[in-house]
Amino acid sequence: MPKKQPNAISPTRAENYPEWYQQVVRASDLAETSPVRGCMVIKPWGYALWENIQRVLDERFKETGHRNAYFPLFIPKSFLEKEAEHVEGFAKECAVVTHHRLEAGPDGGLVPAGELDEPLIVRPTSETIIGAMFSKWVESYRDLPLLINQWANVVRWEMRTRMFLRTTEFLWQEGHTVHASEDEAQAETRQMLEVYRDFARDYMAMPVIPGEKSAAERFPGAVATFSIEAMMQDRKALQAGTSHFLGQNFAKASEIKFLTPEGTLQHAWTTSWGVSTRLLGGLLMTHSDDDGLVLPPRLAPAHIVIMPMTGRAEDPEAVLSYCRRLRDDLRNQQFDGRRVEVELDERDIRGGEKAWQWIKKGIPMRLEVGPRDMADDSVFLGRRDRSPKDKVSVKRSDFVDTVAATLSDIQAALLARAEAHLEKHTRPIDSEVDFRAFFTPDDPEHPEIHGGFALSHWSGDPAVEARIKQELGVTIRCLPLDEHAPGQCPFTGDRSPQRVVWAKAY
RNA sequence: CGGGGCGUAGCGCAGUCUGGUAGCGCGCACGGUUCGGGACCGUGAGGUCGGAGGUUCAAAUCCUCUCGCCCCGACCA
């Protein structure tokens, strides 16, 4: 390993984006691969990040009237078969439990015994099992709306997996609601999409485009699927959250019926919506740089690390106690409604090595505190949204007084940078020639980062969508909610109701 | 399932073609010198070479079978 690298992560984003991603996951200590195919281990730093996401979203769900519950991991196969499109959509990626016991086999190993009468599916999503329960819980219009959320793990047996972005098992929340009217269910679907949009922007500092999915990208069994789409630094789209209007499809499949005030028996209207640990992958690819992870302060597991510089100090203990008092004073400050979280890193390793570890982990602020600073009653501050070399001396009292403001400033800077990136690489395109050029790299052998979001008209013809996907690997990410101007489809010349977002996607 | 590649120390790899005592870098432990930007020197611990069978005086290396993983494709709300 060279003595000095220009940056902490190799390769850089420009050199090899997918490999850079893997290296950041590793260097930041968020997660690592496990002995189980396609499944990852989320390490404490990554899990703390997920816990912060959970905490904030859970508050939003409760504010909007939802309550948490928990449903079984296993779903009887027959349940999944109830909704035709749903089966079609998920069957190929289901893990199936067929036995309930192991016995010693002829070769000394264990072999499955005790075959189940009916196989159990490990939930890929819970519409059917939750629907079965909801059918018992809903009898009258007085039972509605029913607003439930669960935090859980799900399993989807994907062919190819990528840390956080597509793993066999992942953590998520799934909201499931039942309503007495179509309008109310539609409103719920849109409300939760808004919750996700606001969360992504205000907490993750990740700007997103909310919109409806085309029929080809719709959730199996849904009447309408909405999503928030974010642009990663390689300009590919990441679907960061979905909200589905299920119409009466699942209510009919699960017999969720209620008596109206007029005494008639009606099928209810349902919704479901979710975000997953995929958000961590989105967070990483939105902000991180060639030195590793960059965390927005509102979600960072810790805001500040204090690194005592005791190496050449005449009185190391004095430096340490100065640092401990600083830590305590900082912890008495509030940021974003919670205590400022401080790590005091007293490990006996070299300062440079220590600093780089924290840079790679993405902590928003680093404080180096040694005898010089102590004598001057100041701290030496580095911010993760700036260059590792860009460090300044700040009076201790000023730093403590303004720590919350500084964290807000970092949060805002990250959002501004991400918004600028999204804006820069989103453009209206009105001809097929321009469209193809936009999505074609200069060097096809070693494609450079190119393209982005193309805002083009589309008549609604699924054949066009399929052809473009086939030819360019580009798909319609969503029909943005704020696009209304009609125009002409650049592929067919047909009339188009609105511009849609085209992009290569994760 | 089709095409390609790889399994050797915790991680990353060389050694395999041409059989002959198991190697390197990082990491780890200890000692010393260091320490405000990724330290250096020395010493040391750590390996059934994915597994089974075969050829041979001798197999990480050759042969047969097998297991697993990765990449490309198909697939993917």
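The sequence lines fix the lettering, A, B, ..., with proteins before strands; numbering per chain opens at 1.
A straight line from CG of A:Asp290 to C1' of B:G38 spans 16 Å, rounded to a whole angstrom. For A:Trp356 and B:C26, the CH2 to P distance is 20 Å, given to the nearest whole Å. Distance, A:Glu88 CD to B:C75 P: 13 Å, rounded to whole Å. Look at OH on A:Tyr322: it is 20 Å from P on B:G36, rounded to the nearest Å. As rounded to whole Å, 12 Å separates atom P of B:C11 from atom NZ of A:Lys43. For the pair A:Gln23 CD and B:G12 P, the interatomic distance rounds to 10 Å; values are reported in whole Å. Rounded to an integer number of Å, the gap from CD1 of A:Ile349 to P of B:C26 is 17 Å. Nucleotide B:G36 holds its P atom 14 Å from the CD1 atom of A:Ile359, rounded to whole Å.
Across all strands shown, A:Lys354 has no heavy atoms under 4.0 Å from either base or sugar-phosphate atoms. Using a 4.0 Å heavy-atom criterion, one finds that A:Glu217 contacts the sugar-phosphate atoms exclusively. Within 4.0 Å of A:Gly370, counting heavy atoms only, lies at least one base atom of the nucleic acid.
Between B:U43 and B:G4, the two P atoms lie 48 Å apart (nearest whole Å). On the C1' atoms, B:U61 is 13 Å away from B:U56, given to the nearest whole Å. To the nearest whole angstrom, the two C1' atoms, one in B:A45 and one in B:G10, are 13 Å apart. To the nearest whole angstrom, the two P atoms, one in B:G47 and one in B:C11, are 13 Å apart. Using P as the reference atom, B:C65 and B:U48 are 28 Å apart when rounded to the nearest Å. Across the C1' atoms, B:C49 and B:U8 are found 4 Å apart, a figure rounded to whole Å. For the C1' atom pair drawn from B:G3 and B:G19, the interatomic distance equals 32 Å after rounding to whole Å. Rounded to whole Å, the separation between the P atoms of B:C40 and B:G50 comes to 32 Å.
Judged by closest nucleotide on RNA chain B, A:Met374 is the one of A:Met374 and A:Glu93 placed further toward the 5' end. Mapping A:Trp172 and A:Ala355 onto RNA chain B by nearest heavy atom places A:Ala355 at the nucleotide closer to the 5' end.
In this structure, B:G27 forms no base pair with any nucleotide, since neither Watson-Crick nor G-U wobble geometry is met with both distances under 3.5 Å. Judged by Watson-Crick or G-U wobble contacts below 3.5 Å, the nucleotide B:A39 has B:U33 as its partner. Searching all strands for a Watson-Crick or G-U wobble partner of B:G7 with both distances below 3.5 Å returns B:C67. In this structure, B:C49 forms no base pair with any nucleotide, since neither Watson-Crick nor G-U wobble geometry is met with both distances under 3.5 Å. Across the strands present, B:G73 finds its partner in B:C1; the criterion is a Watson-Crick or G-U wobble pair with both atom distances under 3.5 angstrom.
Side chains of A:Ser214 and A:Glu465: a donor-acceptor N/O pair is present below 3.5 angstrom, by distance only. Side-chain N/O atoms of A:Glu127 and A:Ser272 include a donor and acceptor closer than 3.5 Å. Under 3.5 Å, the side chains of A:Arg477 and A:Thr475 contain a donor-acceptor pair of N or O atoms. Under the 3.5 Å distance criterion, with hydrogens and angles disregarded, no donor-acceptor pair is assigned to the side chains of A:Ser243 and A:Thr189. A side-chain donor-acceptor contact under 3.5 Å links A:Asp234 and A:Tyr506. With no hydrogens or angles considered, no side-chain donor-acceptor pair links A:His267 and A:Gln248 at under 3.5 Å.
Phosphate contact (OP1/OP2 of B:G36, side-chain N/O of A:Arg350, threshold under 4.0 Å): present.
The side chain of A:Arg166 has B:C76 as its nearest neighbour among B:C11, B:C76, B:A39. Of the candidates B:A39, B:G36, B:C11, B:C11 carries the atom nearest the A:Arg26 side chain, counting heavy atoms from C-beta on. Among the nucleotides B:G38, B:C76, B:G36, the one closest to the side chain of A:Met309 is B:G36. Distance from the side chain of A:Lys92 is smallest to B:C76 among B:G36, B:C76, B:C11.
In summary, the aromatic rings of A:Phe164 and A:Trp50 are positioned with their centroids too far apart to meet the 6.0 Å limit.
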